[in-house]
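I'd like to ask some things about the structure below.
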Amino acid sequence: MNILVVNAGSSSLKYQLINIDTEKVIAKGLCERVGSPDSVHKHGVDDNEVVIDRYLPDHDAAVACVMEVLVEGPDAPLSSMSQIDAIGHRIVQGGTYFDKSVLIDDEVIDKIRELAELAPLHNFAALQGIEACRHAMPDALQVAVFDTAFFQSLPPKAYMYALPYELYEKYGIRKYGAHGTSHRYVADRAAHLVGERASDLKMITCHLGNGCSISAIDHGVAVDTSMGMTPLDGLMMGTRCGSIDPAIVPFLIEHEGISSQAVNDIMNKKSGLLGISGISNDLRSVRQAAEHGNKRALLAYDMYSNSVKKFIGQYMAVMAGVDVIALTGGVGENDARMRRMIFAGLQPMGIVVDEARNRQMGFERVISSESSRVRIVVVPTNEELMIARDTYAIMHERNQIVPYIPAQSVQSNG
């Protein structure tokens with residue numbers, strides 16, 4: 001049974017075709033710069049990627065291009081589009097309407113559109129992807145999987161801001177979180193990796209990349225998360241400032257003579273690693289510059305690790321302890337030095353990294369020492385697989401087909 005997973009951006013469309021019975025990716029790709037004369041389609045698994053220069057004026061054209069490579073040519077994985085059993089879409093913002101994944105209908109589409117103000121680039125793009133798939137495959141079952149759904153379990157004391165309550169009632173100003181699909185997957189895999197159930201553990205999951213978020217998960221239930229009403233809040237990120245004194249906003253408007261939108265652009269696009277280092281939003285480039293003595297790059301690197309360390313401490317306090325800390329994302333999975341800096345000095349709290357394990361790369365593993373009371377694990381995230389699983393589950397509910405037991409497709413190598 002084949003599930004097509006679609007993640008539409010404002011000028012991009014990422015996809016994976018997953019055989020849900022084996023949880024194997026049989027095709028994947030990315031349509032980039034959609035709407036531009038320089039648009040391109042990259043398609044293939046692992047070393048078999050091919051780059052197709054093709055003008056993609058809109059998401060309809062991008063989906064049509066995807067359909068073409070899936071069913072045409074000697075290496076096409078499908079003989080017809082009828083072999084796609086359902087389509088799962090990643091949706092960033094589901095507000096308070098959705099605490100789980102849902103079958104897409106006109107009412108769901110209206111809600112996604114209504115919530116676009118909270119994630120304008122993401123939700124509108126997702127709608128374009130949904131409509132394009134509807135045009136290409138009008139009879140296919142489509143499912144919406146929301147990044148925010150996992151955090152609908154947050155208690156009011158965690159999701160409310162200390163603003164006049166009337167603003168919450170009028171505008172829905174509250175914490176919604178993000179990266180929920182990733183945090184949910186990583187928590188499940190981390191529990192499996194240490195031989196426990198997520199429902200028996202206090203966990204902190206750290207999604208660290210260009211975008212960053214940390215979540216406190218108490219016995220399988222999310223109780224706090226670092227991103228807020230928008231993905232700007234919380235940790236220092238690639239180009240986002242994360243949490244700052246809110247009085248800085250009117251200060252900049254007054255002293256720089258700029259608009260609120262200009263300040264918003266500064267905080268979202270010109271801050272974080274890029275703003276402090278002056279070099280890049282990519283931690284690899286910042287680290288390289290820091291190793292060559294660039295003081296601003298070293299400061300950015302230190303600030304990033306300190307930001308993560310502080311949230312870990314907060315969430316240990318929120319849950320009165322922690323059993324497992326999991327790291328994922330480009331930084332969390334691949335930067336051994338950053339992991340070492342994050343956990344440096346936390347030994348009195350029972351958090352001890354094994355350096356030999358920490359230096360290993362490329363697979364999910366435990367990196368804490370045998371003496372560590374808290375187990376630290378690295379888990380490559382797989383949001384697409386989570387979306388495919390949710391899509392299948394909704395197919396099961398709708399059609400009463402026989403449910404499957406998820407394969408343990410990612411095995412530990414140590």
**OP:** Report the residues that fulfil side chain to side chain contact (heavy atoms under 4.5 Å, CB included) with Asp282, sequence neighbours left out, ordered by chain and then residue number.
**Re:**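 Testing Asp282 for side chain to side chain contact (heavy atoms under 4.5 Å, CB included), a comparison that skips the adjacent residues, returns Ser280, Arg284, Ser285.
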
Subject >> Test item: Asn2 side-chain N/O and Gln83 main-chain N/O as donor-acceptor pair under 3.5 Å >> reply: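 Yes; at least one donor-acceptor contact below 3.5 Å.
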
**OP:** Output all residues satisfying salt bridge (charged side-chain N to carboxylate O under 4.0 Å, His left out) with Asp53, sequence neighbours left out; order by chain, then residue number.
**Re:**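 If we apply the salt bridge (charged side-chain N to carboxylate O under 4.0 Å, His left out) test to Asp53, skipping adjacent residues, there are no hits.
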
Subject >> For the student: nearest non-hydrogen atoms of Ser215 and Thr225, plus distance >> reply: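 So the minimum-distance heavy-atom pair works out to OG-OG1, 2.9 Å.
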
Original post:
Would you say Glu117 has more than 12 foreign heavy atoms packed within less than 6.0 Å of its CD?
Top reply: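 Atom CD in Glu117 is not packed in, count stays at 12 or less.
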
**OP:** Return the set of residues passing side-chain hydrogen bond (donor to acceptor under 3.5 Å, both in side chains) with Tyr15 (not counting sequence neighbours), or none when no residue passes.
**Re:**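 Applying side-chain hydrogen bond (donor to acceptor under 3.5 Å, both in side chains) to Tyr15 gives His41, His43.
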
**OP:** Only pairs at least two apart or in different chains count here, so list each salt bridge (charged side-chain N to carboxylate O under 4.0 Å, His left out) that has a residue in residues 153-162.
**Re:**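 Pairs touching residues 153-162 that pass the test: none.
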
**OP:** Could you note down all residue pairs passing ring-ring contact (aromatic ring centres under 6.0 Å, His included) where residues 203-249 supplies at least one of them, sequence neighbours left out?
**Re:**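 Listed by first then second residue: His179-His207.
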
Original post:
Under 3.5 Å, is there a donor-acceptor pair between the His59 and Glu131 side chains?
Top reply: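 Side chains of His59 and Glu131: no pair found under 3.5 Å.
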
Contacts under 3.5 angstrom, residues 316-331 side chains, donor-acceptor by atom type, not counting sequence neighbours:
unit_1, atom_1, unit_2, atom_2, d
Asp323, OD2, Lys202, N, 2.8
Thr328, OG1, Glu333, OE2, 3.1
Thr328, OG1, Val379, O, 2.6
Thr328, OG1, Thr381, N, 2.9

Original post:
Which side chain to side chain donor-acceptor pair (under 3.5 Å) pairs, counting each pair once, include a residue from residues 241-252, with sequence neighbours left out?
Top reply: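 Every pair satisfying side chain to side chain donor-acceptor pair (under 3.5 Å) with a residue in residues 241-252: Asp233-Ser243.
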
Original post:
Does Arg174 count as lying over the ring of Tyr176, i.e. NZ or CZ under 6.0 Å from the six-ring centre, within 45 degrees of the axis?
Top reply: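 Because its charged atom sits under 6.0 Å from the ring centre and within 45° of the axis, Arg174 does stack over Tyr176.
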
Subject >> Distance-minimising heavy-atom pair for Ser101 and Val143 >> reply: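 In this case the closest contact between Ser101 and Val143 is CB-CG1, 4.3 Å.
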
Original post:
Are there more than 12 heavy atoms of other residues, nucleotides or ligands under 6.0 Å from atom CD of Glu169?
Top reply: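 It does: Glu169 CD has more than 12 such atoms within range.
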
Original post:
So, for Met237 and Cys212, which heavy atoms are closest and what is the spacing to 0.1 Å?
Top reply: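 Answer, listing the atom of Met237 first, then Cys212: SD-N, 3.4 Å.
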
Original post:
Taking only residues two or more places apart in sequence or in another chain, which ones pass side chain to side chain contact (heavy atoms under 4.5 Å, CB included) with Ala289?
Top reply: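 For Ala289 the side chain to side chain contact (heavy atoms under 4.5 Å, CB included) partners, ignoring immediate neighbours, are Ile279, Asn294, Ala297.
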
**OP:** May I have all residue pairs that pass ring-ring contact (aromatic ring centres under 6.0 Å, His included) and include part of residues 119-150, sequence neighbours excluded?
**Re:**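 Listed by first then second residue: Phe98-Phe146.
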
Original post:
If you take all heavy atoms of Tyr161 and Lys175, which pair is closest and at what distance?
Top reply: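 Looking at all heavy atoms of both residues, the closest pair is CE1-N, 3.7 Å.
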
Original post:
More than 12 foreign heavy atoms under 6.0 Å from CD of Glu355: is that the case here?
Top reply: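 Yes, because the 6.0 Å sphere around CD of Glu355 holds more than 12 heavy atoms from other groups.
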
Original post:
Pairs in or reaching into residues 135-152: which pass salt bridge (charged side-chain N to carboxylate O under 4.0 Å, His left out), with residues at least two apart or in two chains?
Top reply: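 Every pair satisfying salt bridge (charged side-chain N to carboxylate O under 4.0 Å, His left out) with a residue in residues 135-152: Arg90-Asp147.
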
Subject >> Over all atoms of both residues, closest heavy-atom pair of Lys309 and Ile342 >> reply: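 Minimum heavy-atom contact is NZ-O, 2.9 Å.
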
**OP:** Taking the side chain as every heavy atom from C-beta outward, state whether Cys206 and Ile214 have any pair of such atoms under 4.5 Å apart.
**Re:**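 In short, these two side chains touch, coming nearer than 4.5 Å.
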
Original post:
What is the distance from atom CD1 of Ile276 to atom CE of Met303, rounded to the nearest 0.5 Å?
Top reply: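 Nearest 0.5 Å value for the CD1-CE distance: 4.0 Å.
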
Original post:
Rounded to the nearest 0.5 Å, how far apart are OG of Ser259 and CG of Asp265?
Top reply: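 Reported to 0.5 Å precision, the distance equals 7.5 Å.
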
Sequence neighbours excluded and cut-off under 3.5 Å, please list the side-chain donor-acceptor pairs for residues 61-76, or say none.
unit_1, atom_1, unit_2, atom_2, d
Glu68, OE1, Arg54, NH1, 3.2
Glu68, OE1, Arg54, NH2, 3.3
Glu68, OE2, Arg54, NH1, 3.1

Original post:
Which atoms form the tightest heavy-atom contact between Thr148 and Gly94, and what is the distance?
Top reply: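 Looks like OG1-N, 2.8 Å.
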
Original post:
Can you list the steps and then say if Tyr301 with Tyr304 is a ring pair (Phe, Tyr, Trp, His ring centres under 6.0 Å)?
Top reply: CA-CA 5 Å; Tyr301 209 84; Tyr304 189 105; 7.6 Å; no

Subject >> side chain to side chain contact (heavy atoms under 4.5 Å, CB included) partner of Val378, chosen from Ile367, Val186, Asn358 >> reply: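 When side chain to side chain contact (heavy atoms under 4.5 Å, CB included) is applied between Val378 and each of Ile367, Val186, Asn358, only Ile367 qualifies.
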
Original post:
Is Lys14 salt-bridged to Glu384, going by a charged N under 4.0 Å from an acidic O?
Top reply: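 Result for this pair is no, no salt bridge flagged.
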
Original post:
Does the side chain of Leu201 reach to within under 4.5 Å of the side chain of Arg375, using non-hydrogen atoms?
Top reply: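 The answer is yes; the side chains approach within 4.5 Å.
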
**OP:** Inspect the contact between Arg389 and Asp188 and indicate whether a charged nitrogen and a carboxylate oxygen are less than 4.0 angstrom apart.
**Re:**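 No salt bridge links Asp188 with Arg389.
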
**OP:** Check whether any side-chain heavy atom of Ile130 lies under 4.5 Å from a side-chain heavy atom of Ile91, and answer yes or no.
**Re:**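 They are in contact (side-chain heavy atoms under 4.5 Å apart), so the answer is yes.
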
Subject >> Residue list, salt bridge (charged side-chain N to carboxylate O under 4.0 Å, His left out) with Lys111, at least two apart or on another chain >> reply: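 For Lys111, no residue satisfies salt bridge (charged side-chain N to carboxylate O under 4.0 Å, His left out) once neighbours in sequence are set aside.
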
Original post:
Is atom OH of Tyr171 surrounded by more than 12 heavy atoms (other residues, nucleotides or ligands) closer than 6.0 Å?
Top reply: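 No, OH of Tyr171 has 12 or fewer neighbouring heavy atoms, counting only those of other groups under 6.0 Å.
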
